[in-house]
Amino acid sequence: MGSTAQPLRIAIVGGGIGGLALAAGLCKKPHLDVHVYEGVSGYRDVGAGLALHLNAMKAMSLIGPEVRQAYLDKATDMADAAADSGEEEMATEVILAHGPHAGELVAELGRAKGRKSVSRADLLAGLLALIPPGHVSLGKKLARIVERPAGTAAEPDEEPVVLEFHDGSQAAADCVLGADGIHSVVRSHLLGAGHAATAPKNHDRWQVYRTLVTTDEALRHINEKWTRRVPILLGPRGHVNCIPVSKGTRVSAGVAVRGGATPKTSADGPGGGAGGQSNNKTEALDPALYADYSADAQRIVGMVARNTNASWSVGDHDHAPHYWRGRVAMLGDAAHAALPFAGNGAAQALEDAAVLDHLFGSVGGRTQIAAALAAYDAVRRPRSQQVVDLARRFGRVYAYADDEIGDDPARMRAFFAEAAAFTNNADLERQNREAMDLYEHAVGEASRSGKA
Ligand code: FAD
């Protein structure tokens, strides 16, 4: 690491999963002064349940064992009581719920020993507790970024990046990392408000209906095993899923309907929900339309239809041409929001955080920030954008709408096996090493040419 007289001021915009995990790592580095600016004044529990895959676990471990432990402390075993020891392998079970092959298991996603699920609100509380007091400001909603404030130092490298908030206040930083979710202001700053990839899209007009109930309530409606395990039940009019959250005391259940969102309700909301996706009033979910689904699926649909107040229209991002410019970068959903169907959006945010955390361990001065952000972009953009594409395809496969796969269980199995290997089995230590090699090469070149 190079030396710097003053700690480098790192502003993280957005205190979601990516922002807080990154802050938890960076705040351990004495040469950095980290501050998180979160738009909401208090975290709401909107009932979103996350089942983190193996790559998310590996990314948390790389940031620090305490980050992984914060997750484990808040999470629920996705397993029978017998698996509480963490010895039983658990997975999201993808099962056909419609057509001639109904009942067939076509994938076990994210198989891992002692795998767990967690509510987004619980995970955020656990991460927040790792950040020293005074380093997170709530109610600071970013309005715009000014990179060359008038009247500041002549050398661009010496000028602060200024954040302007909706409450009229400002903050200065040496580097801004935007983890402000799918409707990111930082993305708009980096790409331009009018860029085709800036605003989220909902190409397949997905509508996700969700409900959050106590486990006791769920037991009155659905198969008991789906209050402890994570199924995704497939069919052409929507896929159905359940996730136990809040240490097994509540169940988050949902139905995702392809073509169900009106263009007006497609990813057009204010963000700040599960993954910053929109929360809109929609058409009622009609259980009668699922009468030809399996009995298990029908029961879950019936439970969700009783209260669809937590309905979502989801969206994702078309590919950004770059994730950084100057001393500003974006990560997580701000950089590459994906449809939730591959269950890897939070994992990708955590992978971003792991790489940035690793690189910033070596950044010793403002002149080295650009090299770190370029290295981050080079290793993270291709992989995270492949996950965006993969999640779109997951959605079509779940709806029997993929031309190559249809409702053929064998082809589904092959697809899911390949996809799961890509997301879960990634070598994240190698990813960190590749980023560091690129960074060290760029810093070395700059040093030899007298630029740093
Ligand atoms: P967010 O978690 O969205 O955080 C962004 C933060 O920025 C928010 O706190 C927001 O308030 C704040 N913010 C927004 N604008 C501003 C501003 N202008 N100024 C300051 N702060 C601002 N992923 C998985 O890995 N596994 C799963 O099982 C899974 N299931 C999902 C289920 C659903 C229904 C959905 C919708 C998503 C799911 N995801 C899952 C995806 C996951 O939730 C997201 O990818 C993840 O939350 C992204 O984290 P993030 O920190 O980038 O963004």
Side-chain angles (χ1 to χ4, degrees), residues 11-23 36-44 46-57 59 78 92 109-110 116-121 123-124 127-128 136-145 163-167 177-189 206 208-210 212 230 232 241 243 245 252-254 256 267 270-279 310-317 330-353 384 387-388 391 423-424:
I12 297 174
V13 181
I17 294 164
L20 292 184
L22 177 59
V36 179
Y37 299 95
E38 165 54 47
V40 300
S41 49
Y43 289 105
R44 277 187 310 140
V46 293
L50 303 171
L52 295 185
H53 288 193
L54 200 55
N55 57 327
M57 306 295 293
M78 285 166 48
T92 299
L109 303 177
K116 291 161 190 287
S117 62
V118 72
S119 93
R120 179 177 182 273
L123 179 56
L124 292 181
L127 294 173
L128 202 55
V136 179
S137 296
L138 299 179
K140 289 288 173 194
K141 193 167 170 58
L142 180 71
R144 68 183 192 121
I145 295 173
L163 304 175
E164 295 184 353
F165 300 102
H166 280 276
D167 64 5
L177 301 174
D180 50 339
I182 188 168
H183 300 283
S184 167
V185 173
V186 179
R187 181 182 185 88
S188 192
H189 173 81
W206 283 100
V208 178
Y209 298 90
R210 294 209 76 80
L212 180 70
V230 179
I232 301 180
N241 85 318
I243 304 184
V245 295
S252 170
Q277 312 273 17
S278 312
N279 187 350
S311 296
W312 303 103
S313 68
V314 294
D316 66 10
H317 284 141
M330 56 184 173
L331 67 138
D333 276 13
H336 45 72
L339 292 169
F341 310 136
N344 220 256
Q348 291 304 309
L350 290 163
E351 286 194 25
D352 291 344
S384 56
V387 173
V388 174
T423 53
N424 301 347

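In listed order, ligands and their atoms are each counted from 1. Count residues from 1 along the sequence.
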*Asks:* Considering non-hydrogen atoms only, spot the tightest contact between Gly18 and Ala353 and give its length.
*Replies:* O-CB, 4.0 Å

*Asks:* Looking only at heavy atoms, what is the nearest atom pair of Ala256 and Trp206, with distance?
*Replies:* O-CZ3, 3.7 Å

*Asks:* Within the structure, is a non-hydrogen atom of Arg120 found at a distance of less than 4.0 Å from ligand 1?
*Replies:* yes

*Asks:* Taking 4.0 Å as the limit for heavy-atom contacts, which would you say applies to Lys140 with ligand 1: side chain only, backbone only, both, or neither?
*Replies:* backbone

*Asks:* Hey, does the side chain of Arg187 reach the backbone of Ala334 with a donor-acceptor pair shorter than 3.5 angstrom?
*Replies:* yes

*Asks:* Does ligand 1 come near enough to Ala347 that some N or O of the ligand is less than 3.5 Å from an N or O of the residue?
*Replies:* yes

*Asks:* Using a 4.0 Å heavy-atom cut-off, say whether Asp333 meets ligand 1 through its side chain, its backbone, both or neither.
*Replies:* both

*Asks:* Relative to atom 53 (O) of ligand 1, which among Gly181, Ala342, Ser252, Ala353 owns the nearest non-hydrogen atom?
*Replies:* Gly181

*Asks:* If we only count heavy atoms from C-beta on, is the Asn424 to Asn344 side-chain gap below 4.5 Å?
*Replies:* yes

*Asks:* Atoms of ligand 1 less than 4.0 Å from Tyr37 heavy atoms?
*Replies:* 20 (C), 21 (N)

*Asks:* Do any nitrogen or oxygen atoms of Ala334 come within less than 3.5 Å of a nitrogen or oxygen of ligand 1?
*Replies:* no

*Asks:* To the closest 0.5 Å, what do you measure between CG (Leu54) and OG1 (Thr423)?
*Replies:* 9.0 Å

*Asks:* Select the closest option to atom 35 (C) of ligand 1 among Ser188, Gly14, Pro340, judged by heavy-atom distance.
*Replies:* Pro340

*Asks:* Check whether any side-chain heavy atom of Asp180 sits under 4.5 Å from a side-chain heavy atom of Tyr37, and report yes or no.
*Replies:* no

*Asks:* Under a 4.0 Å heavy-atom limit, does Phe165 contact ligand 1 with its side chain, its backbone, both, or neither?
*Replies:* neither

*Asks:* Please work out whether any backbone atom (N, CA, C, O) or any side-chain heavy atom from C-beta onward of Leu52 is under 4.0 Å from ligand 1, and answer side chain, backbone, both or neither.
*Replies:* side chain

*Asks:* Looking at residues at least two apart in the chain, or sitting in another chain, which of them share a salt bridge (charged side-chain N to carboxylate O under 4.0 Å, His left out) with Asp352?
*Replies:* Arg380

*Asks:* Applying side-chain contact (heavy atoms from CB on, under 4.5 Å), run through Glu351 and Asn55 and close with a yes or a no.
*Replies:* CA-CA 8 Å; Glu351 286 194 25; Asn55 57 327; 2.8 Å; yes

*Asks:* Should you measure from each heavy atom of Ala179, which atoms of ligand 1 turn up under 4.0 Å away?
*Replies:* 5 (C), 6 (C), 7 (O)

*Asks:* Specify the closest pair of heavy atoms between His317 and Asp333, including all atoms of both residues, with the distance to one decimal.
*Replies:* CE1-O, 3.0 Å

*Asks:* Counting C-beta onward and ignoring hydrogens, is there a side-chain heavy-atom pair between Ile145 and Val185 closer than 4.5 Å?
*Replies:* no

*Asks:* Between Lys140 and Asp167, is there a salt bridge with N-O shorter than 4.0 Å?
*Replies:* yes

*Asks:* Please indicate whether any nitrogen or oxygen in Gly343 is less than 3.5 Å from any nitrogen or oxygen in ligand 1.
*Replies:* yes

*Asks:* Of all the atoms in ligand 1, which lie at a distance below 4.0 Å from a heavy atom belonging to Gly18?
*Replies:* 50 (P), 51 (O)

*Asks:* Test your reading of the structure: does Glu38 have an N or O sitting under 3.5 Å from an N or O of ligand 1?
*Replies:* yes

*Asks:* Report the member of Gly139, Ala346, Ser137 with the shortest heavy-atom distance to atom 41 (C) of ligand 1.
*Replies:* Ala346

*Asks:* Looking only at non-hydrogen atoms, which of Gly15, Gly16, Ala256 approaches atom 4 (O) of ligand 1 most closely?
*Replies:* Gly16

*Asks:* Is there side-chain contact between Val13 and Leu177, with heavy atoms separated by less than 4.5 Å?
*Replies:* no

*Asks:* For the residue pair Arg210 and Asn241, establish whether any side-chain heavy-atom pair is separated by less than 4.5 Å.
*Replies:* yes

*Asks:* As an exercise, identify every atom of ligand 1 less than 4.0 angstrom from a heavy atom of Val40.
*Replies:* 11 (O)

*Asks:* Quick check on contacts: which atoms of ligand 1 are under 4.0 angstrom from a heavy atom of Val13?
*Replies:* 19 (N), 20 (C)

*Asks:* Which ligand 1 atoms, with their elements, are less than 4.0 angstrom from a heavy-atom of Gly332?
*Replies:* 52 (O)

*Asks:* Which of the atoms in ligand 1, numbered in the order shown and given with their element, are less than 4.0 Å from a heavy-atom of Val185?
*Replies:* 18 (N)

*Asks:* Which ligand 1 atoms are under 4.0 Å away from a heavy-atom of Gly39?
*Replies:* 20 (C), 21 (N), 22 (C)

